[in-house]
Amino acid sequence: MKKVNNIRKTITKEKMNLISENLYLAVLAVFVGCAFLQTTTFVIEWPEYFLSDLHVLIIVIIFIRIAFVNDYDLKEVFILAGIAILFLMVWYRTGKDVILDTLLLIIGSRGISFQKIIKVYEITVIVLLLVTIAASLTGFTENLVYYQEGRRPRVSFGIVYPTDFSAHVFYVILGYGYLRKDKIKYMEIAGILLVGAAVYLFCDARVNTVCILFAGAVLSYLTFKNRSAEKKNSRYIMKGYWSGILAMSAVLCAGFMIVSTILYSSENRILALLNRVINSRLTFGKKGIDLFGFSLFGKYIPMIGNGGTTKESANYFFLDCSYITIALEYGLLILGAVLIMYCMIGFRARLERDWVFLWILSIAAVQCMIEHHMIDISYNPFLWALFANTAVGHGNSSHRLRKDII
């Protein structure tokens, strides 16, 4: 009788896991879709309580998974509670829904295959991106084209700004690389490089072009190393010191940008050169620090960018560096938490010998030195890997690996 009852409980748990997982993935698609559409020139009026109802729905899904599916140890409970308290405090103070959205998507992903999460992200963004491009080229939505001195015409393809369009493409390529991993073919990599060239040709988005081309080069290198190792009946293993650096890449990038911004002066030749190369990121970051200063929980920072209109703003002020933006707008505590989470994800990828994912995290960390999409759910999906299952197989070994890092 006990065995029969245990079987019934197992079946019930498996059903609840499948139902709640599919519900989470469906809500994830809606979250990502809504966030993506806000980066386009489509004029959309959401129902009054639509976004708040989404928050309620995903909270219910999280409670269902906690009650019927997930088993937490004491360490995980403390980590989850700490993250939740911190993010909710900052959300309450700043009113920025992206903080709440990020928190709910991270907690809700616990125990779900990260491969499935990335597939949902890829399908959602690719479909909406293609629809947006088609709508902009056929006149259903505005296709902003920017003419700037010394640069070719920059086309945004229905997105509010050309660099934002190229950032969507960049993160889609990283997601594709994550899904394909060791199975990727050289022809696919060639396609990635062609996409990078097209981004440069039509958008003149230099940072994302370099990052896309570098991602293609890394995938090509890893493919070559894996195939070379297979011929010797072995497996490619990255050098320990190098994989450690990659796992710490977000912290290293953040430290470099924050220190460089604090120390920036036009009289410093090295930093002045760096500032010119990265298109005045240090200038605006320094201005932001001088005007608003660092705080633990962040504060409202009025930013005026060039997106959404081809008219140049007379009072342009925008913080492009993700690390500076998070530190000033959401506070040092959120920045610290985000960097710790990225390190946890990176060291887990290192432990699992997932070199593709480790490189993807590092390339994204470098891109975030120049652009502001680190915790933007319509762009960067990789923070959701914190509690998700990332190991091949997604069974007990995956759970142990995740707990080893946490």
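Because only heavy atoms are used, hydrogens play no part in the values below, and waters and symmetry mates are left out as well, while side chains stay in. All figures in this text were calculated on a predicted structure; none of them were measured in a lab.
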Does the [X] side chain pair with the main chain of [Y], one donor and one acceptor, at a distance under 3.5 Å?
X: S249; Y: L246; value: yes
X: N226; Y: L222; value: yes
X: D164; Y: I159; value: no
X: N143; Y: L137; value: no
X: N268; Y: Y264; value: no
X: S362; Y: L358; value: yes
X: W384; Y: I377; value: no
X: T163; Y: A205; value: no
X: T261; Y: L282; value: no
X: Y200; Y: N208; value: no

Given the rule in the side chain to side chain contact (heavy atoms under 4.5 Å, CB included) test, do I363 and V366 qualify, once you have shown the distances and angles that lead to the verdict?
CA-CA 5 Å; I363 297 169; V366 171; 5.8 Å; no
Around [X], counting heavy atoms of other residues, nucleotides and ligands shown, do more than 12 lie under 6.0 Å from its [atom1]?
X: Y92; atom1: OH; value: no
X: L130; atom1: CG; value: yes
X: F63; atom1: CZ; value: no
X: W46; atom1: CH2; value: yes

Looking only at non-hydrogen atoms, find the nearest pair between [X] and [Y] and report the distance.
X: V251; Y: C343; answer: CG2-SG, 3.3 Å
X: I61; Y: S20; answer: CG2-O, 3.6 Å
X: E122; Y: G175; answer: OE2-CA, 3.4 Å
X: G285; Y: L319; answer: CA-CD2, 3.9 Å
X: L193; Y: G216; answer: CD2-CA, 4.1 Å
X: M374; Y: V338; answer: SD-CG1, 3.9 Å

Do [X] and [Y] have side-chain heavy atoms sitting under 4.5 Å apart?
X: F36; Y: H168; value: yes
X: V30; Y: F50; value: yes
X: V169; Y: I212; value: yes
X: R235; Y: R353; value: yes
X: I375; Y: I99; value: yes
X: M257; Y: C321; value: yes
X: F256; Y: L274; value: yes
X: V356; Y: R180; value: no

Strictly below 4.0 Å, N to O, side chains only: are [X] and [Y] in salt-bridge contact?
X: E76; Y: R110; value: yes
X: K299; Y: E329; value: no
X: E21; Y: K116; value: yes

Side-chain donor-acceptor contact under 3.5 Å, [X] with [Y]:
X: T390; Y: E352; value: yes
X: S136; Y: T141; value: no
X: N17; Y: R65; value: yes
X: N389; Y: Q115; value: no
X: Q367; Y: Y171; value: yes
X: H55; Y: D97; value: no

Checking Y236 against R227 for the side chain to side chain contact (heavy atoms under 4.5 Å, CB included) test, could you report, in this order, the C-alpha distance in whole Å, the side-chain angles of both residues, the deciding distance, and whether it holds?
CA-CA 9 Å; Y236 167 63; R227 292 186 179 181; over 6 Å; no
Taking the six-membered ring for Trp, is the centroid-to-centroid distance between [X] and [Y] below 6.0 Å?
X: Y161; Y: Y146; value: yes
X: H372; Y: F318; value: yes
X: F140; Y: F42; value: no

Salt bridge (charged side-chain N to carboxylate O under 4.0 Å, His left out) partners for R281, two or more places apart:
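For R281, the residues satisfying salt bridge (charged side-chain N to carboxylate O under 4.0 Å, His left out) (neighbours in sequence not counted) are D320.
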Before you tell me yes or no, could you show the steps for Q38 and S378 under side-chain hydrogen bond (donor to acceptor under 3.5 Å, both in side chains), namely the whole-Å CA-CA distance, both residues' side-chain angles and the distance that decides it to 0.1 Å?
CA-CA 9 Å; Q38 290 174 17; S378 66; over 6 Å; no
Mind checking whether Y316 and F284 have parallel, tilted or perpendicular rings, split at 30° and 60°?
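Perpendicular.
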How many angstroms lie between atom [atom1] of [X] and atom [atom2] of [Y], to the nearest 0.5 angstrom?
X: I245; Y: R350; atom1: CD1; atom2: CZ; answer: 10.0 Å
X: L128; Y: I133; atom1: CG; atom2: CD1; answer: 11.0 Å
X: I58; Y: L28; atom1: CD1; atom2: CG; answer: 7.5 Å
X: F297; Y: T94; atom1: CZ; atom2: OG1; answer: 11.5 Å
X: L332; Y: L296; atom1: CG; atom2: CG; answer: 6.5 Å
X: L361; Y: F347; atom1: CG; atom2: CZ; answer: 11.5 Å

Apply side chain to side chain contact (heavy atoms under 4.5 Å, CB included) to the pair L57 and L23, showing each step before the final yes or no.
CA-CA 9 Å; L57 182 56; L23 284 173; 6.0 Å; no
Taking the six-membered ring of Y178, is the NZ or CZ of K181 close enough (under 6.0 Å from the centre) and on axis enough (within 45°)?
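Satisfied, under 6.0 Å and within 45°.
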Under the side chain to side chain contact (heavy atoms under 4.5 Å, CB included) criterion, do I258 and L335 qualify, and how do the steps go?
CA-CA 11 Å; I258 291 173; L335 176 63; 3.7 Å; yes
Reference residue H373; test ring-ring contact (aromatic ring centres under 6.0 Å, His included); the match among Y379, F382, Y323, F170
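The ring-ring contact (aromatic ring centres under 6.0 Å, His included) with H373 is passed solely by Y379 among Y379, F382, Y323, F170.
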